[in-house]
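Some notes on the structure that comes next.
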Amino acid sequence: KVFRSCPQVRAAAIAAMDAPSKVASKASVATSDTVEVPHEASKRTDLDSASSTGFDSDSASSSEESATEVAPAAKCSAPDSAFYLESVGEAGEELPVSGAWLYNSAVRPVPLPSVCLKLLILPVFWFLSVLFHRQQRNLMTDWKVPGEPGQEVTLARSLPGAWQVAINAACVVLLSGYAMSAYIFHQKILDNVLNPLFTPRTHKRHVAISVLMFAIGIGSSLFLTTNWVPAAAGLFMFFGYAICGRTIQSSSSGQGQIGLGPSRSQDDVGMSFHAHGPCPESGVRQGKCVEVTLLGGELGVGQAGGELRFASVQLDPFAVADDAVLVEISPSGACMYRGPCGRANIFRLDCLLVLLLSFGVHLPQFIIGGGGFNQCAGVVELVVSLIYIPVGYTCFAVFGFRVGLACPGSMMVVLVLCLWPVINLVLGGKGCATLTDLVSQAFLPQIWDPHATTFQFNRGFATCTESAYAVGGETLLVASTTIAAWVHIMSNFSFLFGFLSGMSQMAFSKAEVQKVSIA
């Protein structure tokens, strides 16, 4: 449905104000600017916390006379969040983050593949990834690229052979189960941990998490030649923050950034959003409205009895971003703005700069490590991998299967910044081949031999192997290698298969793109 008449949209929005305000649903709008997130840790939060400045979500329908009573804030001279998160509003004021959390948790641009299909594709992914890794490593060895492919060390077993074999098996099984559990329960991790962590409620926390993740990204890139797995995990933890964390503001300036928050432009007093200049719709000369593209996702019923939907916003056809808003399509056919869903942090210039300084500058070292060079088994590799897996698996499952397919800007991130599918094959191959080589006795020939009194280990630097052995013996070497292998398996499976599945459905689907005009 396309609503081309702004006056009609406004009239319907005014009529909707008198509709019953409480409707049971998964996600219900309790007031004109409050949304309840339909998850276990659901909380009532302010979608338009800038209402104190007079930009309530239903104020788009209010009369011009009542709107002029509100004193607008001064315009900002630079675009919001072009380089950093702009601080606007009272000290300690909460940002309208509920729409952003809901967007990450529930947006469905395309139907998700079934669990059975994922289980069928996973062995194919594994085979192709291992094959790619073997070719990459052979080329690197033939070309004599700088780096350490692996030094063999012979050590004595500290436990009886039968006990050590049993412990080795337990390490492989339990740590593999930990990784798969993180993948299976990634939705709960997103709702309860990563949404509040990566998109916090206050500006100070938003700045703090940005600084922390920037430091992790740049700092990790410095260790790619000495301890590759923790360094790569740190890099992709930052990247996970960049694609799953969302920038949002209590209000936005007169720069057309309607996905970031309600407008505070002097020209938009009484409006829920900013439409700079003439209305994009042809034939519309009075009032303001914005054409948006509806996205899939079950959100329930809004306050006016209409369906709540996500909508992708792109006022400028050349803009690279994924601005989104929450809208309600009322029974009368009107489409009303209900709150901002923000924009992924990756579209901020500060995030792009950090990505360039960390991943971009050190790309050769990253690719070399992806070939199995410069490994360092031990406590650091084990601990960092355990921390990264719930974060990385969640971010890349969410982005690969859902958020990354929401708009052209998001797909550009996958294709260009991630160098899809090359980087994903490098990382997926590294993970799948590492676990395959461990289980098949390539790294540790005596891993399943209960009669061996000594063992050889040939993965990574000899100094790292000896240090790890001194701390935890053969057990630490097996545990560290197992969890290091899983670091890049399921996250890159999500990026490869998720994006391929989504693009295939878009290409062959007969469903029409739905566009509406919101006021």
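Numbers here simply count residues along the sequence, with the first being 1.
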Do M336 and S330 pass the side-chain contact (heavy atoms from CB on, under 4.5 Å) test, and can you show the C-alpha distance, the side-chain angles, and the key distance before you say yes or no?
-> CA-CA 8 Å; M336 294 164 288; S330 71; 3.6 Å; yes
Of W228, F493, Y393, F495, the one forming a ring-ring contact (aromatic ring centres under 6.0 Å, His included) with H488 is W228
For residues [X] and [Y], report the shortest heavy-atom separation together with the two atoms involved.
X: L405; Y: G400; result: CD1-O, 4.0 Å
X: L190; Y: N104; result: CD2-O, 3.6 Å
X: F198; Y: C395; result: CE1-SG, 3.8 Å
X: S385; Y: I483; result: CB-CG2, 3.6 Å
X: S220; Y: G234; result: OG-CA, 3.3 Å
X: I248; Y: P340; result: CD1-O, 3.8 Å

Indicate yes or no for a side-chain donor-acceptor contact from [X] to the backbone of [Y] under 3.5 Å, with no hydrogens or angles considered.
X: N192; Y: K188; result: yes
X: E381; Y: Q375; result: no
X: R246; Y: G342; result: yes
X: D322; Y: A344; result: yes
X: R459; Y: L438; result: no
X: R402; Y: P109; result: no
X: D323; Y: R343; result: no
X: Q136; Y: V426; result: no
X: S221; Y: I218; result: yes
X: E328; Y: G306; result: yes

Assess the pair F366 and F359: is the distance between their ring centroids shorter than 6.0 Å?
-> yes
Student check: side-chain heavy atoms of [X] and [Y] closer than 4.5 Å:
X: V229; Y: T434; answer: no
X: M237; Y: V384; answer: no
X: F214; Y: S358; answer: no
X: V422; Y: I367; answer: no
X: Y103; Y: V403; answer: yes
X: L352; Y: L356; answer: no
X: S491; Y: Y183; answer: no
X: V301; Y: L308; answer: no

How many angstroms lie between atom [atom1] of [X] and atom [atom2] of [Y], to the nearest 0.5 angstrom?
X: L496; Y: S501; atom1: CG; atom2: OG; value: 12.0 Å
X: L102; Y: F310; atom1: CG; atom2: CZ; value: 4.0 Å
X: C418; Y: L427; atom1: SG; atom2: CG; value: 10.0 Å
X: M180; Y: I389; atom1: CE; atom2: CD1; value: 11.0 Å
X: H133; Y: L425; atom1: NE2; atom2: CG; value: 12.5 Å
X: T394; Y: M490; atom1: OG1; atom2: CE; value: 12.0 Å

Return the orientation label for the F396 and F239 ring planes: parallel under 30°, perpendicular over 60°, tilted otherwise.
-> parallel
Quick one: sort the F401 and F497 rings into parallel, tilted or perpendicular, breaks at 30° and 60°.
-> perpendicular
Is it the case that S105 and N195 place a side-chain donor and acceptor less than 3.5 Å from each other?
-> yes
Can you list every side chain to side chain donor-acceptor pair (under 3.5 Å) pair that touches residues 115-127, not counting sequence neighbours?
-> W126-T436
Would you say F132 has more than 12 foreign heavy atoms packed within less than 6.0 Å of its CZ?
-> yes
Would you say R134 has more than 12 foreign heavy atoms packed within less than 6.0 Å of its CZ?
-> yes
Candidate pair L294 and I329, rule side-chain contact (heavy atoms from CB on, under 4.5 Å), full reasoning | CA-CA 10 Å; L294 294 180; I329 303 178; 3.6 Å; yes
Should V383 and I387 be marked as a side-chain contact (heavy atoms from CB on, under 4.5 Å) after you check the CA-CA gap, both sets of side-chain angles, and the distance that decides it?
-> CA-CA 6 Å; V383 172; I387 295 173; 4.0 Å; yes
Verdict with reasoning, Y241 to S210, per side chain to side chain donor-acceptor pair (under 3.5 Å) = CA-CA 9 Å; Y241 157 79; S210 293; 2.6 Å; yes
Could you please spell out the steps behind the side-chain contact (heavy atoms from CB on, under 4.5 Å) verdict for V211 and V207?
-> CA-CA 6 Å; V211 172; V207 172; 4.3 Å; yes
Please identify each residue that fulfils disulfide bond (SG atoms under 2.5 Å apart) with C376, with sequence neighbours left out.
-> C464
